[in-house]
Amino acid sequence: MTANALKVCAAAIVVATTFGLASASADEIVIGASLPLSGPLAGFGSFQQWGYKRAVDEVNKAGGIEVNGKKEMVKLIIRDDKTDPNATASNTETLLSRDGAVAMLGSCTPALVNAGALVAERAKKPLVTGCDPLEAFKSVRNWKWVWDIFFDEPELANAELKAVQDWGAKTNMKLAIWHDNGPDGQVVGGKLWPEVAKSFGYEVVQNAEFPVDNTQFTSIIGEAKSKDADVVLVDAITPQAIAIRKQMAAEGYTPKVLNIEKGAEPVQFAEALGKLSDGVLVGGYWDPSFPYPAAADLSKAFESETKLSSSQHIADSYAAAQVLLDAIVTAGSTDAGKINAALAKTNKTYVVGPVKFDENHTAKLPIVALQWQGGKTVIVWPKSEKTGDFLFPLP
Amino acid sequence: MKREKIAPAPREAAVILVAFAVLWFAPAFIGEYGLQLGFRTLIYLTLAEGWNLMAGSAGLVSLGTSCFVGLGAYVAYGLLNGLDLPLPAALVVCALSGAALAALVSPALFRLRGLYFTVGTLALAELLRLIMINVSAFGGATGFFLKNDPPALPILFRYALAVAVIAALAATLCVRTRASVILRSVRDDEDAAAQMGVRPFRVKLAAFMLASALAAMAGAVQAVKLGAIEPYGMFGLQWSIDVLTMVIIGGVGARLGPLVGALFVIALGEALADYPEAHIAIAGVILIVLIRFAPRGIVGLAAALGRAARGRALA
Amino acid sequence: MLALSVASSSIVSGVLLGGMLALAALGLSIVLGVMRLVNLAHGDFLLVGAYAGFFFFTFTGVDPLLGLPVIALFVAALAIPVYRYLLQPLAERGAEAQMMTMFAISIILENVFVLAFSADTRSIGVSYAALPLTLGPVTVPLVYVIGFAISLVAILAVHWLIARTAFGRDLRASAADAEAAATIGVDVNRVRMLTFALGVACAGIGGTLIGTAFQFSPSSGGAYLLNSLAIVVLGGLGNVLGTLFGGLALGALQSVGGLALGDGYRDLVGMAIFLLVLAFRPEGFARGRR
């Protein structure tokens, strides 16, 4: 027993020494990011990783950032949080303590962002995220060190129905809402959409909720079909979005207007569904056709570098990283307080549009209504910015 | 049959308490990073000790750890947010609720033997997770946020330490006393044990309730540290799988199995952190290799090597 | 109160879907019955079949359902080295060692999928994948009917294989009592290897069916593992026809649950039934042991 105990103590000392070795290097500015590179949200993680890396690579190619009078390279350290908030929290901790990160870039979706943001907030280090809906972000607390660039949920509700109205599309004014029970699903589908629908004069004939990873939508679809709803609003992530569209067709239900938030954003939605994706509306906070610096090239660069299909998330992550890097440049220092103060003063146009944080630490990206047509997204609202005509009814 | 040299309970308990006293002052001389890793190791250790008790001593291989981790987390938030209870009191209630849930499901679960029991615990964990997601009264997928800021890391570390020490002492009590004989008799042959006057149901229930209480406390402390909980993170299967992996790597049934396993898994995680894209595959390969060549876990491997070395020395 | 057509369509869809999932579950059942192994990588072998079907369709343009025999052989070929080099050496040890090895395979496969194919959600886009089939008041997806038919054929084929051939006899002997089987000359090791390959192949073609009717991504495997476990327990371990009935029953009950409580509760109803069956009749409902 004693011999074993001694062996364990020796091993523990070895392990503790390994743990204690910090790997921070003196002449680099370290920025940390914990991203879902495996698990159900691995799709988001890969887009974010690309966006963050691109921004950092560009800065390094231009010679780095000058802090305290010396030009230093930026080192981006990424850890995989396996779509587990516990891992996001511990990754954020070790990035700050072991790797000496001066600031963090956030994960994606409220649960993961919150886990990392709470750590950063308590450690008093700045964190910028481009992947957390604003109302969900604001509902957690009054952030002092965490900043969010994304869209505002109430606008999502408005854009699509305004599009239908502005194009004068005629429906029987019966509307069905299907939403997942994730944080923004419950807010957007459970609270916001019913109110907005009523304000536009629709009768909400169905409001159905399902778990985020649901695979069968037979009775939800059946009910909407039997109630003869011409307009269907859906809030679900991509696998469920694909399933819903496919199962609707397989059950012979084709409403006149179909809007799928979140899930219909990335190109893989259109690729998985082919012709079935035509006519589907989705709210967009970014599109390669936007008139902002480097917007058109960003998508092309992503697709040629990774040979994967693109998504709006390459833009919000790229912008979030640039905002953080610009703040470090402005601060001219790696001091957390100075960087945080510089973030508060952000006021510049990036690939997603103008970014300026309000008193809640949020920068809103306005929503346009996009519609899938022939495998590409077309802006159909506001009409002043349209790049194509509204396809109605759903083919 | 190999006769283990069993150290008496008091000596082992003394070692644990000394370690407790020493580590209590760790925040003074270990940096931030060390404390963070230490915290995670202690939480894992608590879960692993409980699991090892169930599996190694009583023969109950459970995949339901996540059930009780989540329960502890949500009960803790209810108490801290709703009743402003101080954390120690909340932890006691969490432990009791973990034990209560275990007692509640045991009549159904213990009808199952062996493989079916394992599958049953998995189904239970999944069922509870689905209920938490669907029923909005429990926060749905949004979950809950801690009203007040959690205590600083050194204090949380000490809470984790206290809970881990309780787990270790409980394990010592079960494994280094006569209780271990009773436990092992139920593990090895339940029917024979019953014939000898042991009440298998009660023994299994005791082990299950103890492990569940420990898991609930660990879940509560982890939840307080996070500051935000939701069903996928606190009721997720990764808890059940991580704990199983840890103890198998350390050595099921070995007294030091949980500690060695927890340290190994944490250290491996840190070592592989620099390979975010392939770390899971690498971990899988390491796991396969370990299972193949270290059937009794690292502790078993060390013991076998020790015996071989002694054998050579004598030759 | 929902219209009759909605309710009846839902239930029929559920039954058809259950039949399709039964094929996937069959793989788990056989492996569990003969090798006493909970194949934790079951869901991921299902995905191997789904990806195989996807790329088969993408590169040859041939309907993957026609290519099922090829896909089955491909997946079985992958299973053999896994058994030979990873499972066979652990045969004498307890169930945990093999189970954990399969778990390790599961996480390795998931990582490989992400690295090789990206985390994108895929769907096998055959032309009939989203067509409805209407018979009176009942409307079901056409692909469910096709998938059900294929599944039925495959399950009956496996049943015939196990009940009527020499290999099947050896398989049943090894499952009942491996030592006794060895003494009468059965090469238990070879039987186990082929059984594992058969089980994994069933999972694989089940995966191709699922990939055609639905969609999949690297992390979809876990949900199908749980689903398959429920079906296996309902039908009885190692009982081929029982698995079919288990699938049909679970599909119907989940549909009823979905109609009554909402589609979100389907999985919950499934788990609750699973637990009830485990608690009161763990050997399943089908009569007879095989």
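Each chain gets a letter, A, B and so on, in the order its sequence line appears, and its residues count up from 1.
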### Query
Quick check: are there more than 12 heavy atoms from other residues, nucleotides or ligands sitting under 6.0 Å from NZ of A/K376?
no
### Query
Would you say A/S309 and C/D120 make side-chain contact, with heavy atoms under 4.5 Å?
yes
### Message
Is A/Q216 close to chain C through its backbone or its side chain, or both, or neither, when contacts mean heavy atoms under 4.5 Å?
### Response
both
### Side-chain heavy atoms of C/V143 within contact of A/K246, under 4.5 Å
no
### Task
Quick one: pull up CD in A/E251 and OH in C/Y144 and give me the separation to the nearest 0.5 Å.
7.5 Å
## Note on the structure
The interface call for C/F54 against chain A, heavy-atom contacts under 4.5 Å, is neither
### Task
Let me know if A/K225 has heavy atoms under 4.5 Å from chain C in its side chain, its backbone, both or neither.
side chain
### Best-contacting candidate, A/A250, A/S38, A/P40, against chain C by heavy atom pairs under 4.5 angstrom
A/A250
### Most contacts with chain C, counted as non-hydrogen pairs under 4.5 angstrom, among A/G45, A/A272, A/S46
A/A272
## Note on the structure
Turns out that what part of C/A213 lies under 4.5 Å from chain A's heavy atoms comes down to backbone
### Summary
Given the options C/S9, C/P141, C/S10, A/T218 meets side-chain contact (heavy atoms from CB on, under 4.5 Å) only with C/S10
### Message
Looking at chain C, which one of A/P211, A/A243, A/G43, A/P239 has the largest number of heavy-atom pairs inside 4.5 Å, strictly under?
### Response
A/P239
### Message
With a 4.5 angstrom heavy-atom cut-off, is it the side chain or the backbone of C/V114 that approaches chain A, or both, or neither?
### Response
side chain
### Spacing of CD belonging to A/Q268 relative to OG1 belonging to C/T121, to within rounding of 0.5 Å
4.5 Å
### Query
Given that the side chain runs from C-beta out, which part of C/L17 has a heavy atom under 4.5 Å from chain A: side chain, backbone, both or neither?
side chain
### Task
Supply the atom-to-atom distance A/I242 CD1 to C/S123 OG, rounded to the nearest 0.5 angstrom.
6.5 Å
